[in-house]
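A short write-up of the structure that comes next.
For ligands, and for the atoms within them, numbers begin at 1 and follow the listed sequence.
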Amino acid sequence: MSPLWTRRQVLTQLGIAAAAVHTLDPHELCCAVPAHAETADKDLFELKKVGDGVYAAIAAPRFKVNCNAAVILTDDGVIVVDSHSKPSAARALYGEIQGITKKPVKKVINTHFHWDHWQGNGAYAAASPGVEIVASERTRENLTRPDAGVGGIPYIEKQIAAMPAEIDKLKDDIRKTSDPKLKANLESNLQQAESFYQELKQMKPALPTRTVSTTVTLAEQGREIRLHVLGRAHTDGDLFIYMPRERVVATGDAVIDWMPFLNDGFPEDWVHTLSNLEKLDFDQMIPGHGDVKPKAHLAFFRGYFVELIESVKKAAAEGASLDEMKKTIGDRLAPKYEAAMSRYPIGQYRDRVGLNVEMVYLKVVKKS
Ligand SMILES: [Zn+2]
Ligand SMILES: [Zn+2]
């Protein structure tokens with residue numbers, strides 16, 4: 001089958017009827033955003049050079065979040081790591097890439113299956129029919145599994161089903177507010193939500209055409225790119241993209257400069273996977289969200305998981321209720337983590353720490 005499937009083709013193949021898709025889980029705030037973000041499309045990404053021919057495309061905040069991308073130039077084309085939440089964002093980044101090189105995109109690599117990292121794949125597949133889309137084997141499976149979490153083809157249907165209510169709520173909020181600044185932000189969000197809804201309905205998702213299940217080295221016109229499968233972390237299919245000569249790694253959401261999102265993750269495995277990542281020899285990380293970080297951020301980010309897991313286990317053993325744990329652990333870890341993990345309008349410490357506590361309680365203590 002063509003790499004560029006229509007949603008209908010895939011849904012038919014999977015036997016998933018749109019009508020059977022449930023409403024959204026309120027926890028999937030991976031990427032919902034408070035009112036803000038008036039960035040024009042041309043300013044969606046800031047390209048930062050992190051090595052010779054290697055760039056981090058740092059995403060500006062948007063109502064529907066976009067992930068960062070890594071952009072790697074080779075002698076015969078461009079490799080892009082992750083494709084954001086929508087084709088228009090991928091096209092916007094491609095426009096910026098063309099300011100650096102006129103070569104075509106020859107490979108897209110998806111770090112994991114979440115909606116904000118792969119839904120733009122179709123833009124690259126439409127622009128270059130020969131484009132190769134690479135992901136881990138597990139990510140490829142997750143992209144068509146109805147129950148995988150906040151990403152994949154079935155999840156596109158869930159987003160489509162949820163958008164009318166989301167749009168109605170924004171309209172309602174606009175009517176209720178008298179603050180001109182807030183109103184302007186909400187109106188911007190409404191406009192973004194309406195165009196996102198249209199893009200979702202027309203989306204032609206492009207699934208990976210090549211999968212890897214273990215570490216693979218790509219020799220790309222003299223540039224060495226290693227794809228590492230290092231264990232479960234943010235999802236069960238995380239792929240790390242490592243360039244040994246440039247000493248850069250792209251991590252997807254296994255490392256971010258926000259509070260981590262654990263709903264589809266594996267907290268204890270995550271600690272080990274980050275230790276495996278640390279063994280690689282590099283200086284800079286292009287995280288899934290937030291700014292480029294030095295390798296030292298890895299120990300800090302892992303430390304949060306270690307302390308969170310220990311705290312939840314201890315509180316559970318002492319008989320604390322989930323609500324008590326959310327409050328006490330959130331307060332106890334705040335001096336060390338709150339400021340560093342609240343640097344952006346989204347993904348802040350207080351927005352997510354309670355949900356992180358709950359996820360660790362469910363996944364590590366209750367093992368449900
Ligand atoms: Zn993400
Ligand atoms: Zn993610």
Need the atom name: nearest N/O/S atom of Asp253 to the Zn ion (ligand 2). OD2

For the ring pair Tyr344 and His289, is the centre-to-centre distance below 6.0 Å? no

Which is the closest N/O/S atom of Asp116 when seen from the Zn ion (ligand 1)? OD2

Among Phe305, Trp270, Phe113, which residue meets the ring pair (Phe, Tyr, Trp, His ring centres under 6.0 Å) test with His234? Trp270

Is a salt bridge present between Arg145 and Asp147, judged by a nitrogen-to-oxygen distance below 4.0 Å? yes

List the residues meeting salt bridge (charged side-chain N to carboxylate O under 4.0 Å, His left out) with Lys103, not counting sequence neighbours, and say none if there are none. none

Here the N/O/S atom of His114 closest to the Zn ion (ligand 2) would be ND1

Check all N, O or S atoms of His112 and name the one closest to the Zn ion (ligand 2). NE2

Connected-component partners of Phe266 among ILVMFWY, side-chain separation under 4.5 Å: none

Would Cys67 count as a contact for the Zn ion (ligand 1), in the sense that one of its N, O or S atoms lies under 2.8 Å from it? no

Atom name of the N, O or S atom of His117 nearest to the Zn ion (ligand 1) is NE2

